[in-house]
Structures are given as C-alpha cells and as structure tokens.
Amino acid sequence: MTSRWVFGAVFLVCAALLAVAFYMEHVMGLAPCPLCWLQRFGFMGAGLVGLVAFLHGPRGFGNRIYGFLLVVTAGAGLGIAGRQLWLQSLPEGQVPACGPSVDYMLEVLPWFDVLQTALRGTGDCAEVMWRFLGLSIPGWTAVFFTLVILVGLVMMFRRYQPKSWLQG
C-alpha cells in the first residue's frame, strides 16, 4: 500500500468518526460537551492532514512531515480524550460543576475564555451517556487517536527506497 493510500485511509476513518459523532448528536440526541467538541477538532485536524497528504502524494521526507503532523494533531486529541476519561473516573463529590453549553459560551465569552473553560472540562464532560463494548465515547476516541498516532509514527520512521534513477 502506498503512502498516498495510507493517508487517504486516515482521512476516511476521521471523516467516518465525525459522521458518527454528528449522528450521535443529531439522531441519538447526545449533546456534546466542551471536551467532545475539542476531540472533534482533533479528528478534523488529523483528517485534514490525511486529505492534504493524499492529494499531494508525498514521497520520502514529505511522508515524514505529514506523519509528524498526524502525530501532533492526534496527540492533542488523545490528550483531550485522556482528560475526559480522567473526569469520568472521578468520584461523584470531586466532579466539577456543570457549565453552560458551548453555543452559549461562544455567544457571551471571549474565544480564549471558551477554550480555557473547554480544556478544563465541566461536569457534563464527566457524565457517561453511552457505552459500546465497555468503553465510553472518549474511550473510543482515545483508541482511534492512538491508531492515528501509530500510523503517523510508521510514516515518520518508515524506510523509503531511493528511486532506481537516483542510484549510480
């Protein structure tokens, strides 16, 4: 499988995960918390890197650059998913208070304050509303962010053969 198709597969997986997130929100009625929104941005970033790399069709060093960008975007998403998993593991008395919705915060607060509040998480982020095979939504996003990171690392450290016309 060429690197172009690997990056294309990353894009398709991220697009599918975002489609599932929007299905859960609009069809199943699960309102996303601030940390859920940030995890969506992580998948958007990784998906965008995958799409650009697929369209570019990089070779050699370009694969390493795109692989690094996948590791960075998915790593940020994994950190956010980890924060939400930590909030979900807290005893009930230590869970932070619930906060306003993201839409409301965007209307009344400066952007930096919204980001700061979202990164801290709220009581809404600690609530487990859905499970599949024993994992909550941030558990599954952590699994997929880890897979994207592994793909990025493989693309960064994979050995590439020089083209025959470059060899003497």
Side-chain angles (χ1 to χ4, degrees), residues 6-7 9-26 28-53 63-106 109-158:
V6 170
F7 288 119
V10 168
F11 166 72
L12 290 176
V13 167
C14 290
L17 290 170
L18 288 168
V20 168
F22 287 114
Y23 174 85
M24 291 176 132
E25 178 182 357
H26 296 291
M28 294 173 63
L30 302 177
C33 72
L35 289 175
C36 292
W37 277 105
L38 293 176
Q39 289 169 68
R40 287 181 184 185
F41 288 126
F43 282 121
M44 286 178 200
L48 183 62
V49 169
L51 177 63
V52 170
N63 284 322
R64 288 173 171 64
I65 297 296
Y66 286 120
F68 174 75
L69 293 172
L70 280 180
V71 170
V72 169
T73 55
L78 180 60
I80 293 164
R83 172 78 175 160
Q84 187 168 3
L85 287 169
W86 176 75
L87 286 171
Q88 288 181 349
S89 72
L90 290 175
E92 197 167 318
Q94 294 180 358
V95 173
C98 291
S101 71
V102 174
D103 294 332
Y104 177 77
M105 287 192 295
L106 287 171
L109 295 175
W111 188 85
F112 185 76
D113 290 345
V114 173
L115 182 61
Q116 192 175 21
T117 302
L119 285 172
R120 274 192 310 248
T122 64
D124 299 332
C125 300
E127 184 181 347
V128 178
M129 297 187 290
W130 182 86
R131 285 189 186 274
F132 180 69
L133 297 177
L135 288 178
S136 63
I137 295 171
W140 281 108
T141 62
V143 167
F144 282 102
F145 279 128
T146 301
L147 292 174
V148 173
I149 289 170
L150 290 174
V151 169
L153 289 172
V154 166
M155 299 312 288
M156 284 175 62
F157 296 111
R158 188 170 142 194

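Sequence positions, counted from 1, serve as the residue numbers for this chain.
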Distance-only check: which donor-acceptor pairs under 3.5 Å involve side-chain atoms of residues 42-50, not counting sequence neighbours?
none

Per-pair distances, 0.1 Å, donor-acceptor, side chain in residues 72-79, under 3.5 Å, sequence neighbours excluded:
{"residue": "Thr73", "atom": "OG1", "partner": "Leu69", "partner atom": "O", "Å": "3.0"}
{"residue": "Thr73", "atom": "OG1", "partner": "Leu70", "partner atom": "O", "Å": "3.2"}

Name the atoms and distances for all side-chain donor-acceptor pairs under 3.5 Å in residues 11-21, with sequence neighbours left out.
none

When you look at Glu25 and Cys36, which way does the side-chain contact (heavy atoms from CB on, under 4.5 Å) test go after all the steps? CA-CA 11 Å; Glu25 178 182 357; Cys36 292; over 6 Å; no
Worked check of side-chain contact (heavy atoms from CB on, under 4.5 Å) between Val154 and Val6: CA-CA 10 Å; Val154 166; Val6 170; over 6 Å; no
In sequence, state the C-alpha distance, the side-chain angles, and the governing distance for Ile137 and Met24, and then conclude on side-chain contact (heavy atoms from CB on, under 4.5 Å). CA-CA 10 Å; Ile137 295 171; Met24 291 176 132; 4.0 Å; yes
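From Asn63, atom CG reaches atom CE of Met156 across 11.5 Å, with rounding to the nearest 0.5 Å.
Scanning both residues, Gln84 and Cys33, for their nearest heavy atoms gives NE2-SG, 3.5 Å. Taking every heavy atom of both residues into account, Leu85 and Ala142 meet most closely at CD1-CB, 4.2 Å. Of all heavy-atom pairs spanning Tyr66 and Ala53, the tightest one is CG-CB, 3.5 Å. Minimum interatomic distance between Ala81 and Gln39 (heavy atoms only, all atoms of both residues): CB-OE1, 3.6 Å.
Using cut-offs of 30° and 60° for the angle between ring planes, the His26 and Phe22 rings count as parallel.
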